[in-house]
> 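I'd like to ask you about the structure that follows.
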Amino acid sequence: MSRLSAVVRPLVTAAGLIALWQAVYLLNGSRDYLLPSPLGTLETLIARADRLAYHAGVTFAEILMGFAFGVGLGMLSALVLVLWGPARRWLLPVLVVSQAIPVFALAPLLALWLGYGLTSKVVMAMLIIYFPVTTAFLDGLRRTDPLWLEQARVMNAGRWAALVHIRLPAALPALASGLRVAAAVAPIGAVVGEWVGSSAGLGYLMLHANGRMQTDLVFAAMALLAVFAVTLYRLVDATMRRLVPWQAESNA
Amino acid sequence: MTDACLAFDGVALFDGLTLDLAPGRTTALLGPSGVGKSTLLRLLAGLENGTHARATIACDDGRPLAGRVAYLAQRDSLLPWASALDNAVLGARLRGAPLGPARARARALLTDVGLGDRLHDRPGALSGGMRQRVALARALGEDRPLILMDEPFSALDFLTRLRLQDLTARLLAGRTVLLVTHDPLEALRLGHAVHVLHGRPATLDAALIPPGAPPRDATDAALLALQGELLRRLTGAAHGPGDTA
């Protein structure tokens with residue numbers, strides 16, 4: 001029953017949204033240059049599959065690399081901050097203040113410094129992911145139940161053993177929420193990077209097509225991006241659920 | 001085997017307090033909340049290392065006590081992501097000791113506490129009493145000369161508590177145990193000697209030695225009379241300087 005509804009519910013939601021889209025298209029007087037129909041978008045998607053696939057590949061690679069590096073760097077930073085007091089005292093305030101700078105404002109600079117290729121977009125996605133991952137993981141590491149740590153001390157555990165066997169697993173639920181946010185915002189970083197300056201990628205394609213009133217192509221690219229973003233999110237969510245099964249038990 | 005003698009130089013709660021733990025026996029420490037009985041136990045566990053609490057701890061064998069106690073806390077302190085078995089071998093895992101023998105031992109102890117069929121369940125799937133039994137198996141598996149228990153059954157319902165007391169007394173026979181509790185009946189059922197800690201700065205009453213061996217029958221008239229006696233000491237302690245009956 002619940003398994004069935006888990007499959008059926010998203011399908012119903014998707015069908016509803018597509019129906020709404022079609023209704024708005026008709027109300028808008030079927031002006032394809034303003035808003036293409038769902039079917040028209042699908043036709044474009046198939047007709048321009050080659051070109052879309054190429055640009056989608058570039059963007060997906062940027063997103064995945066940005067996600068991997070951002071998550072890696074964020075987790076590493078959290079570990080350093082939690083293990084080394086001076087780092088925490090000196091760097092944590094800097095880290096928090098740095099978030100006052102809108103990451104998007106950095107996009108043109110990144111393009112200037114790192115070129116119009118893949119690197120500037122990967123760094124952009126990485127920067128946007130880094131902070132939520134770092135703070136979530138750090139929070140998790142710092143909020144270990146003191147009773148567990150006392151028990152570890154009575155059991156003569158070293159600092160390292162307590163970190164590996166108690167603090168790290170205890171921080172996984174917090175890390176999971178950080179990763180979910182990261183999966184949701186990673187595509188934003190990559191696409192913004194492409195808008196600012198690039199020669200490939202879905203963001204580039206959308207900007208280009210928009211300028212030529214090829215609205216159907218914009219929508220096709222957007223649909224691809226949405227499907228990829230949702231897939232990435234669901235994948236991360238499912239992985240973390242497998243890694244943190246006790247969370248579901250205690251919340252049930 | 002081990003006889004710890006404490007001389008406290010604590011500031012406010014107790015001063016120059018001395019407590020002897022007879023080897024192979026269960027010493028119960030009773031007192032109103034806030035009197036510092038948990039702090040006393042945590043001092044022995046090496047968990048109080050601030051400037052507000054200090055103690056001199058001496059053992060019979062002349063070696064330091066640090067690192068040679070097992071600690072059973074009020075909450076069960078089990079790791080929610082680990083199975084009952086993994087929780088029971090946590091000490092070995094944290095010390096990097098071989099897990100094979102530790103697992104075999106933990107399996108036997110978990111069977112002793114009646115959880116032989118729940119080895120692979122996580123704490124979330126166990127009841128409060130079962131969780132505390134896992135914690136008890138873990139403390140026993142640590143095989144330390146001194147076992148410290150801080151109100152281990154206070155979160156359980158009355159009947160579960162009685163059953164767990166029986167089990168505990170059986171498994172702790174021959175071990176040196178300090179049991180801190182606020183429940184006079186529990187102290188009388190489990191303790192070879194019962195101390196009452198009261199007053200401010202707190203002082204220890206002379207030990208009350210209930211007759212017979214633990215676990216004592218909770219319905220026994222002599223035990224209930226002693227419970228009345230302990231209640232008098234406790235309530236006296238709550239109102240002012242305790243009487244020395």
Side-chain angles (χ1 to χ4, degrees), chain A residues 2 75 78-79 82-83 85 133 136-180 236-252, chain B residues 38 41-49 64-84 86-97 99 102 120-126 131 134-135 138-139 141-152 155:
Chain A
S2 68
M75 285 175 66
L79 278 173
V82 82
L83 287 177
V133 172
F137 195 37
L138 182 64
D139 217 39
L141 286 169
R142 290 174 80 178
R143 284 184 195 202
T144 319
D145 189 334
L147 192 57
W148 296 340
L149 295 177
E150 289 185 343
Q151 195 60 253
R153 249 170 77 193
V154 173
M155 289 171 166
N156 306 343
R159 194 168 133 90
W160 187 249
L163 177 74
V164 171
H165 295 296
I166 294 180
R167 299 183 80 172
L168 277 182
L172 279 183
L175 178 65
S177 23
L179 290 189
R180 286 190 193 102
V236 168
D237 189 51
T239 310
M240 290 323 285
R241 265 174 212 283
R242 279 185 75 109
L243 280 176
V244 193
W246 68 91
Q247 195 71 356
E249 279 167 17
S250 53
N251 287 349
Chain B
S38 284
L41 182 135
R42 290 168 55 82
L43 268 166
L44 280 171
L47 292 172
E48 291 284 338
N49 42 15
L65 183 67
R68 290 201 292 156
V69 300
Y71 177 47
L72 199 64
Q74 212 164 340
R75 286 190 291 132
D76 54 53
S77 83
L78 299 180
L79 304 175
W81 55 85
S83 67
D86 281 339
N87 265 297
V89 299
L90 180 66
R93 175 161 283 146
L94 285 173
R95 289 185 294 271
L99 282 180
H120 302 292
D121 284 3
R122 274 191 283 266
L126 302 173
R131 282 203 293 271
V134 175
R138 178 168 74 184
E142 285 290 282
D143 203 18
R144 300 291 180 87
L146 177 61
I147 298 178
L148 301 169
M149 302 208 283
D150 190 2
E151 302 187 10

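Everything quoted here is computed from the prediction, not taken from an experiment. Order of the sequence lines sets the chain letters (A, B, ...), proteins ahead of strands, with each chain counted from 1.
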> If you look at every heavy atom in B:Leu94 and A:Ala161, which pair is closest and at what distance?
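Looking at all heavy atoms of both residues, the shortest contact is O-CB, 3.2 Å.
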> Rounded to the nearest 0.5 Å, what separation is found between the CG atom of B:Leu90 and the NE2 atom of A:His165?
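Rounded to the nearest 0.5 Å, the CG-NE2 separation comes to 8.5 Å.
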> Under 4.5 Å from any heavy atom of chain A, what part of B:Leu78 do you find: side chain, backbone, both or neither?
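Just the backbone, heavy atoms under 4.5 Å.
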> Classify the ring geometry between A:Trp246 and B:Trp81 as parallel (under 30°), tilted (30 to 60°) or perpendicular (over 60°).
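Taking B:Trp81 first and then A:Trp246, their aromatic rings sit tilted (interplane angle of 30° to 60°).
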> Quick one, B:Ser77 and A:Glu150 - any side-chain contact, counting heavy atoms below 4.5 Å?
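Side-chain contact under 4.5 Å: no.
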> Identify which part of A:Leu172 has an atom lying under 4.5 Å from any heavy atom of chain B, answering side chain, backbone, both or neither.
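Neither part.
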> Where on A:Asn156 is there a heavy atom nearer than 4.5 Å to chain B: the side chain, the backbone, both, or neither?
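Both backbone and side chain of A:Asn156 come within 4.5 Å of chain B.
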> Rounded to the nearest 0.5 Å, what separates atom CE in A:Met155 from atom CZ in B:Arg93?
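The CE atom of A:Met155 sits 11.5 Å away from the CZ atom of B:Arg93.
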> Could you have a look at A:Pro169, A:Ala170, A:Ala162 and say which one has the most heavy-atom pairs with chain B under 4.5 angstrom?
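Top option by heavy-atom pairs under 4.5 Å: A:Pro169.
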